[in-house]
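Whatever order the structure lists ligands and atoms in, that order sets their numbers, starting from 1.
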Amino acid sequence: MKLLVTGGAGFIGSNFVRYFLKTHPASSILNLDKLTYAGNLENLAELHTAPNYRFVRGDIADAALIDQLLEDRFDAIVHFAAETHVDRSIAGAREFVQTNVLGTYTLLDAARRRQVPRFLHVGTDEVYGSMKPGEFANEGSTLEPNSPYAASKAGADLLARSFWQTYRYPVLTTRCSNNYGPYQFPEKLIPLMIANALEGKKLPVYGDGLNERDWIFVEDHCRALDRVLENGRPGEVYNVGYGQPVANLEIIRRLLRLLDRSDELIEYVKDRPGHDRRYALSTDRLRRELGWNPAVDIEEGLKRTVDWYRGHADWMARVRGGEYQAYYEKHYTRRGEFLTEL
Ligand code: NAD
Ligand code: TYD
């Protein structure tokens, strides 16, 4: 398979690119990423000279660029690129609407015109909004996004749906719960707590810390995406999640135990406005139709994650210090070629 991946320099995208090329060595990937603050090419350092991988820096909302890239024939587009952090969307959501809505539209439109045979749109469970205790969203549940981030992702989901309904353009949508694992940017809960704890800093817990998320190890998400890409039904939505919501405080306490640090580092801070209480979803469709099951439970996943961050202190220091943003200029020519290839 020849894939165009968007947002492949981010957390899940980089894990997916690595996973996909490892499990499908005859495939090739073109990674298109704007390299916002969240994009870190160092995440894919070992692939820059691989013959079946290429990187292009660019914006998914740039229609001329997308059209030019699609002159090359791809078997599918896997679309990760997005603004993703809820707190940033609360501070201001223009970029979220621009990339998540307009960017997704630009890609869908070009892909339909160029007849790219499959389009996998990577979505989030946050579009369903907060679930009551005991309640689980299925793919038919109403969309009730509560943060500007979730609203912009819901906009993207609805555009994807309309391209199937109107044009029969074969879009597949996934809606996954909170991911964690290697290479996650330390603005998100788990890597932020690990980084702070390792530095002896306080761990800021929003509100009472009892908000629940259905944490899934990023590799399990990548395997689900692979299944949906290969065997999912066009026009269909597939929920992806571990299936067991856990309170933030429990996650933080487990991390502190793994890191051998005291619970006294926990600091309760002002709650996030509009903070969703509980995300929970049913993944029956994915399990039943595509035979997918998560392989990594929270205990193993958190241990692997903590071990990874402990073993990658340099990566974390460069991300926290901002040096990672110079990686592209340092290693790529102005024409976008990797320097060691010249
Ligand atoms: P991330 O923030 O780590 O990475 C996003 C990537 O997209 C970055 O590399 C960034 O440079 C790139 N990007 C942003 N705007 C762009 C643009 N206009 N053009 C090209 N590239 C652009 O995000 P992530 O956590 O890896 O999430 C990836 C996708 O998965 C997103 O669509 C997100 O909504 C979805 N998702 C994430 C989670 C999660 O827990 N992280 C859960 C479910 C779904
Ligand atoms: P986050 O990783 O931002 O993901 P999302 O908001 O998309 O679910 O946050 C996960 C949970 O952790 C969420 O309930 C907010 C909470 N949280 C904190 O308590 N403190 C923090 O510093 C952060 C970043 C998140």
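The shortest N/O to N/O separation between K188 and ligand 1 does not fall below 3.5 Å. Taking any N or O of R272, backbone or side chain, at least one lies under 3.5 Å from an N or O belonging to ligand 2. Polar contact check, D59 against ligand 1: a nitrogen or oxygen pair lies under 3.5 Å apart. Checking only distances, A61 never comes within under 3.5 Å of ligand 1, N or O to N or O. Considering backbone and side-chain N/O of H79, none are found under 3.5 Å from N/O of ligand 1. Among the atoms of R213, some N or O lies under 3.5 angstrom from an N or O of ligand 2. Ligand 1 has no nitrogen or oxygen under 3.5 angstrom from a nitrogen or oxygen of L32. Polar contact check, G123 against ligand 1: no nitrogen or oxygen pair lies under 3.5 Å apart. Considering backbone and side-chain N/O of G10, one or more are found under 3.5 Å from N/O of ligand 1. Of the polar atoms of E83, none of the N or O atoms is found under 3.5 Å from an N or O of ligand 1, judged by distance alone. The shortest N or O to N or O distance between N178 and ligand 1 is not below 3.5 Å. Checked against a 3.5 angstrom limit, the closest N/O atoms of T99 and ligand 1 fall inside it.
The heavy atom nearest to atom 14 (O) of ligand 2, out of those in Q184, H275, R88, is found in H275. Across the listed options I252, N248, D271, D208, N248 owns the non-hydrogen atom lying nearest to atom 11 (C) of ligand 2. Across the listed options G58, G103, A81, G13, A81 owns the non-hydrogen atom lying nearest to atom 22 (C) of ligand 1.
With Y167 as reference, F163 is the one residue of Y169, F163, W164 to meet the ring-ring contact (aromatic ring centres under 6.0 Å, His included) rule.
Ligand 1 lies less than 4.0 angstrom from a heavy atom belonging to F80. By the 4.0 Å heavy-atom criterion, S14 is excluded from the residues contacting ligand 1. Within the structure, the closest approach of Y149 to ligand 1 falls below 4.0 Å when heavy atoms are considered.
To the nearest 0.5 Å, the span separating CG on N211 from CD1 on I251 amounts to 12.5 Å.
Look at R304 and E300 and you find a salt bridge, because one of the NZ, NE, NH1 or NH2 atoms lies within 4.0 Å of a carboxylate O, short of that distance. One finds no salt bridge joining E135 and R278 here, because no Lys/Arg side-chain nitrogen approaches an Asp/Glu carboxylate oxygen to under 4.0 Å. Between R175 and D157 there is a salt bridge, since at least one side-chain N of the basic residue sits less than 4.0 Å from a carboxylate O of the acidic one. Under 4.0 Å is where a charged nitrogen must lie from a carboxylate oxygen, and between R254 and E250 at least one such pair does. Ion pairing of E42 with R318 is present here, as a side-chain N (NZ or NE/NH1/NH2) and a carboxylate O approach within less than 4.0 Å.
No part of N100 comes within 4.0 Å of ligand 1, judged by heavy-atom distances. Of the heavy atoms in K153, only side-chain atoms (C-beta onward) come closer than 4.0 Å to ligand 1. At a heavy-atom cutoff of 4.0 Å, ligand 1 is contacted by both the backbone and the side chain of I60. Here E187 has backbone heavy atoms under 4.0 Å from ligand 2, and that is the only part of it that gets that close. Under 4.0 Å from ligand 2, not a single heavy atom of V269 appears. Contacts between L189 and ligand 2 below 4.0 angstrom, taking non-hydrogen atoms only, involve backbone and side chain alike. Neither the backbone nor the side chain of D276 has any atom closer than 4.0 Å to an atom of ligand 2 (non-hydrogen atoms only).
Here the side chains of K34 and R57 are not in contact, with every heavy-atom distance at 4.5 Å or above. Side-chain contact between M131 and F136 is absent, with no heavy atoms from C-beta onward closer than 4.5 Å.
Aromatic ring orientation, Y328 versus Y332: parallel (interplanar angle below 30°, classes split at 30° and 60°). Between H312 and W308, the angle of the ring planes stays under 30°, which puts this pair in the parallel group of the 30/60° scheme. Taking the six-membered ring where the residue is Trp, F16 and F80 present tilted rings, their angle falling between 30° and 60°.
Atoms of ligand 1 lying under 4.0 Å from any heavy atom of V122, numbered from 1 in the order shown and given with element: 30 (O), 32 (O). Counting the atoms of ligand 2 from 1 in the order shown, those under 4.0 Å from a heavy atom of H85 are 3 (O). Close contacts of ligand 2 with E126, meaning ligand atoms under 4.0 Å from a residue heavy atom, involve 5 (P), 7 (O), 8 (O).
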Open item on the list: Let's go through D297 and Y242 carefully: what are the C-alpha distance in whole Å and the side-chain angles of both, what is the deciding distance for side chain to side chain donor-acceptor pair (under 3.5 Å) to 0.1 Å, and is it a yes or a no?
Closed with: CA-CA 8 Å; D297 65 18; Y242 187 79; 5.0 Å; no
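In terms of protein heavy-atom proximity, atom 20 (N) of ligand 2 is closest to P204 O, 2.8 Å.
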